[in-house]
Amino acid sequence: MKVVLKELTKIFPGRTKKAPEVVAVNKFDFEIPDGKLVGLLGPSGCGKSTTLYMICGLQKPSSGKIFFGDDDVTELSPENRGVGLVFQNYALYPHMTVKQNILFPLQNFKGADRLSKSEMLERAYNVAKLVQIDDLMDRKPSELSGGQQQRVAIARALVKMPRVLLLDEPLSNLDARLRLQTREEIKRIQRETGITTVFVTHDQEEAMSISDIIVVMKLGVVQQIDKPQTVYEDPVNLFVAKFLGTPPINVFEGYVSGGKLFIGEDRVLDVDGVEDQDVFVGIRPEGFIYDEKGPFHCALRNVEVMGRDVSIVSTNGASLNPIIRSIVDADNKIDVSAEKVSFTLKPHKVFIFNKETEERIRFGKSEQNSQTSSKED
Amino acid sequence: MVDGKKQWKAWLYLSPVILLTLVFTVWPIINTVRIAFLDDYTLMDDVGGMTFSVGVYNFEKVINYPEFLTCLKNTLLLTVITVPISTFLALLIAVCLNSIKALNRLLQTIYFLPYVTNTIAIGIVFSTMFSMVGTGFGGANPYISTAGIINNIIGVFGIEPVNWVNTGSTYWANMFVMCVYIIWNALPFKILILLGGLQSVNKQYYDAAKVDGTSRVRTFFRITVPMLSPMLAYVVITGFIGGFKEYSSIVGVFGEEMGPAGNEGALNTMVGFINRNLMSGSPREGIASAGAILLFIIIFAVTMLNMYVSKKRVHY
């Protein structure tokens with residue numbers, strides 16, 4: 001089921017009469033293709049959960065429309081939309097067994113949709129098998145681990161065969177190891193069922209790893225919608241560049257003069273076709289090449305060996321982050337006692353942004369792979 | 001934990017409470033049991049150093065009092081009628097209060113008022129509200145004027161005035177007034193507890209139920225009630241205990257005669273029975289003690305039953 005959001009907006013009134021109203025989501029336009037796994041990504045308060053709840057129907061949009069396929073569901077209540085929602089803390093009914101929890105949505109069916117007892121049980125067991133909890137059916141939620149509870153919650157959402165599956169921060173209540181496992185699991189379940197799925201997360205790694213498409217949001221405004229790799233490799237603005245990637249992108253103050261990019265005194269890169277101006281320069285940690293004769297000089301702090309890679313920690317006066325982290329191949333023999341370290345930069349890992357608008361300024365080669373469906377503020 | 005050296009300090013601080021409890025709670029309990037099993041006990045003889053023969057004489061006597069059976073019947077009736085009704089009403093009101101936003105605080109305060117009002121005072125108000133004192137009442141004149149607001153209200157609907165609490169009123173009319181009074185008086189505490197419980201239920205359960213298209217009735221019985229079950233169990237258990245100890249409410253409405261004029265003692269309760277035996281001109285401590293122990297046994301048994309049921313039904 002394809003899900004279309006048209007100029008979806010949610011405005012919350014101020015707490016008092018004088019307090020300004022809060023625009024939680026601002027003109028969200030998006031068409032979620034059928035059967036895709038979409039991650040809504042952004043920091044706290046960016047409107048991603050509000051968007052999810054509007055798709056679900058628990059919150060009414062202030063303006064704009066929501067379509068499931070060709071059906072306008074904007075005015076429909078949640079139960080009439082055919083959505084399955086998995087809550088952040090799962091919201092499993094504590095007094096019911098796993099089986100009763102999964103059966104609960106089916107028992108709400110009325111009239112012609114009503115299933116016989118055996119059909120209900122069959123469907124409950126099928127979905128339990130899908131999420132691999134069929135041997136836990138008689139337990140109470142309190143007797144399950146966090147990961148198992150999560151699966152029960154997904155099973156409960158899937159059992160009524162929703163047209164759209166919605167997950168609110170599905171992994172945030174799990175420990176690190178379980179999180180890795182569960183995100184693969186969500187991906188697998190989504191693939192097997194083929195249900196259009198939207199999930200909300202503030203963890204960029206989570207979003208990158210399992211989404212088919214990610215939507216980056218900031219203060220209610222969509223910043224960029226694209227495949228995870230594209231968003232990482234071709235961010236539309238400084239916010240997106242900073243939000244994605246671990247370790248985070250290194251940001252510098254710099255300027256362009258005569259088609260050359262300068263950071264401090266160092267002429268680091270050729271940027272043909274860019275007008276002379278002050279810019280922010282973002283360089284991905286893997287965008288540095290360790291090169292004694294390189295044009296970019298930094299003060300060496302220390303070197304962290306991480307097996308496959310080496311992480312060079314250095315400082316530079318123009319850097320906006322306290323330290324610069326660059327990841328280079330472990331084959332490099334780095335003089336740890338040296339005071340300075342020099343780099344050559346990989347042009348496609350360097351992004352420059354307008355100093356006022358923080359929008360991306362494209363240059364040279366990177367212009368060719370800029371087929372993003374990006375959206376300006 | 002307090003280490004050994006400091007322990008005496010802890011005991012010192014606790015001593016006033018322990019002392020008072022020993023003197024005014026523990027010893028009276030022991031003494032009550034002792035007196036209950038002593039034949040023909042009187043305080044004077046006890047102080048005078050007389051010894052009494054030991055036996056179940058007092059219990060036999062209590063059970064054979066027709067008055068005791070009336071008291072037992074009244075107590076059981078009042079409890080069995082009022083506890084379920086007041087619990088159900090309290091649940092209903094609590095759910096309604098919880099679901100409205102406007103005037104929520106004001107209404108909570110209004111519903112809580114009976115709790116902080118004196119029982120006897122409310123009783124007097126009730127007896128006035130239900131009274132039937134009029135110029136023509138009891139005379140040959142068929143015209144009956146009533147002073148009580150309840151009879152005035154039902155008069156509007158064309159119903160004949162009922163003699164609720166005055167001379168010549170029937171037992172069931174009296175019982176009805178008492179049940180209304182006790183239910184009304186029991187509501188505030190129950191509402192308070194249940195409302196607290198409702199407010200602590202995570203809203204997400206209701207969101208989840210809504211997304212799954214659960215009807216309101218089903219949400220109430222399958223989610224709200226189980227979620228509230230610990231509070232409901234508490235309210236029911238304390239309700240039963242309070243019901244068995246009913247006494248001052250009847251004094252409030254009918255005075256110490258425990259019944260309408262001409263039918264004194266008709267609404268007496270267990271506690272009233274114990275009280276009357278102690279307070280009469282020649283106190284019968286043995287009978288009162290035996291009655292108290294019987295009351296204790298009944299409350300204990302019912303509470304155990306409650307606990308047994310709630311163990312199976314309550315989801316903590």
Side-chain angles (χ1 to χ4, degrees), chain A residues 49 52-60 76-97 100-111 113-114 140-143 149 152-169 173, chain B residues 87-88 91 94-95 98-106 193-237 306-316:
Chain A
S49 287
L52 192 82
Y53 284 126
M54 282 194 288
I55 299 174
C56 173
L58 284 173
Q59 277 180 2
K60 269 198 143 187
L76 288 184
S77 56
E79 65 266 26
N80 297 325
R81 291 190 184 193
V83 290
L85 176 64
V86 177
F87 287 88
Q88 185 170 2
N89 59 3
Y90 318 136
L92 297 175
Y93 308 123
H95 52 283
M96 299 183 199
T97 61
Q100 287 168 329
N101 262 290
I102 298 175
L103 283 173
F104 194 81
L106 294 180
Q107 289 159 349
N108 289 329
F109 287 2
K110 286 195 188 79
D113 297 334
R114 183 107 190 150
K140 289 272 178 70
S142 58
E143 296 161 346
Q149 288 182 25
V152 178
I154 295 176
R156 189 178 64 180
L158 284 176
V159 74
K160 53 184 178 176
M161 298 185 180
R163 301 196 280 179
V164 179
L165 178 64
L166 306 166
L167 305 139
D168 187 9
E169 300 266 4
N173 281 5
Chain B
T87 306
F88 177 75
L91 182 60
V95 170
N98 194 41
S99 61
I100 58 168
K101 283 204 182 85
L103 301 179
N104 187 317
R105 292 265 156 201
L106 178 72
I193 299 290
L194 294 177
L195 195 60
L198 279 173
Q199 282 164 353
S200 68
V201 174
N202 192 335
K203 231 186 111 306
Q204 291 214 318
Y205 293 124
Y206 294 111
D207 281 344
K210 204 169 161 194
V211 174
D212 290 339
T214 317
S215 67
R216 286 179 80 123
V217 176
R218 189 156 193 257
T219 305
F220 180 77
F221 285 108
R222 291 297 306 274
I223 295 169
T224 306
V225 172
M227 290 287 181
L228 274 185
S229 57
M231 290 82 188
L232 281 170
Y234 174 73
V235 157
V236 168
I237 290 173
N306 271 326
M307 300 282 245
Y308 174 76
V309 173
S310 59
K311 224 177 212 163
K312 294 192 155 179
R313 289 277 173 172
V314 172
H315 314 282
Y316 289 104

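Fair warning: this is a prediction, and the values are worked out from it, not measured in the lab. Values below: all heavy atoms of this structure, side chains included; hydrogens, waters and symmetry mates excluded. Proteins get letters first, then strands, A, B, ... in listed order; numbering begins at 1 in each.
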J.: Locate the shortest heavy-atom distance separating Lys110(A) from Ser215(B); write the atom from each residue and the value.
T.: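 So the two residues come closest at NZ-CB, 4.1 Å.
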J.: Mind checking the CE-CD1 spacing from Met96(A) to Ile223(B)? Nearest 0.5 Å is all I need.
T.: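 Those atoms lie 5.5 Å apart.
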J.: Using a 4.5 Å heavy-atom cutoff, which residues in residues 82-93 of chain A come close to chain B?
T.: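 Result: Val83(A), Leu85(A), Phe87(A), Asn89(A), Ala91(A), Leu92(A), Tyr93(A).
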J.: If every non-hydrogen atom of Arg222(B) is compared with every non-hydrogen atom of His95(A), which pair is closest and at what distance?
T.: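 Smallest interatomic distance, heavy atoms only, reads O-NE2, 2.7 Å.
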J.: What pair of heavy atoms forms the shortest contact from Val211(B) to Lys160(A), and how long is it?
T.: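 So the two residues come closest at O-NZ, 3.1 Å.
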J.: Using a cut-off of under 4.5 Å for heavy-atom pairs, which of Lys140(A), Gln100(A), Glu79(A) has the most such pairs with chain B?
T.: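 Most heavy-atom pairs within the cutoff with chain B belong to Glu79(A).
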J.: Is chain A contacted by the side chain of Asn202(B), its backbone, both, or neither, given a heavy-atom distance below 4.5 Å?
T.: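 When you check distances to chain A, only side chain atoms of Asn202(B) fall under 4.5 Å.
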J.: What distance separates Leu58(A) CG from Lys210(B) NZ, expressed to the nearest 0.5 Å?
T.: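 NZ of Lys210(B) is found 5.5 Å from CG of Leu58(A).
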J.: For Phe109(A), is it the side chain, the backbone, both, or neither that has a heavy atom closer than 4.5 Å to a heavy atom of chain B?
T.: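 For Phe109(A), no heavy atom lies under 4.5 Å from chain B.
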J.: Which pair of heavy atoms, one from Ala208(B) and one from Arg156(A), lies closest together, and at what distance?
T.: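 Closest heavy-atom pair between Ala208(B) and Arg156(A): CB-NH2, 3.8 Å.
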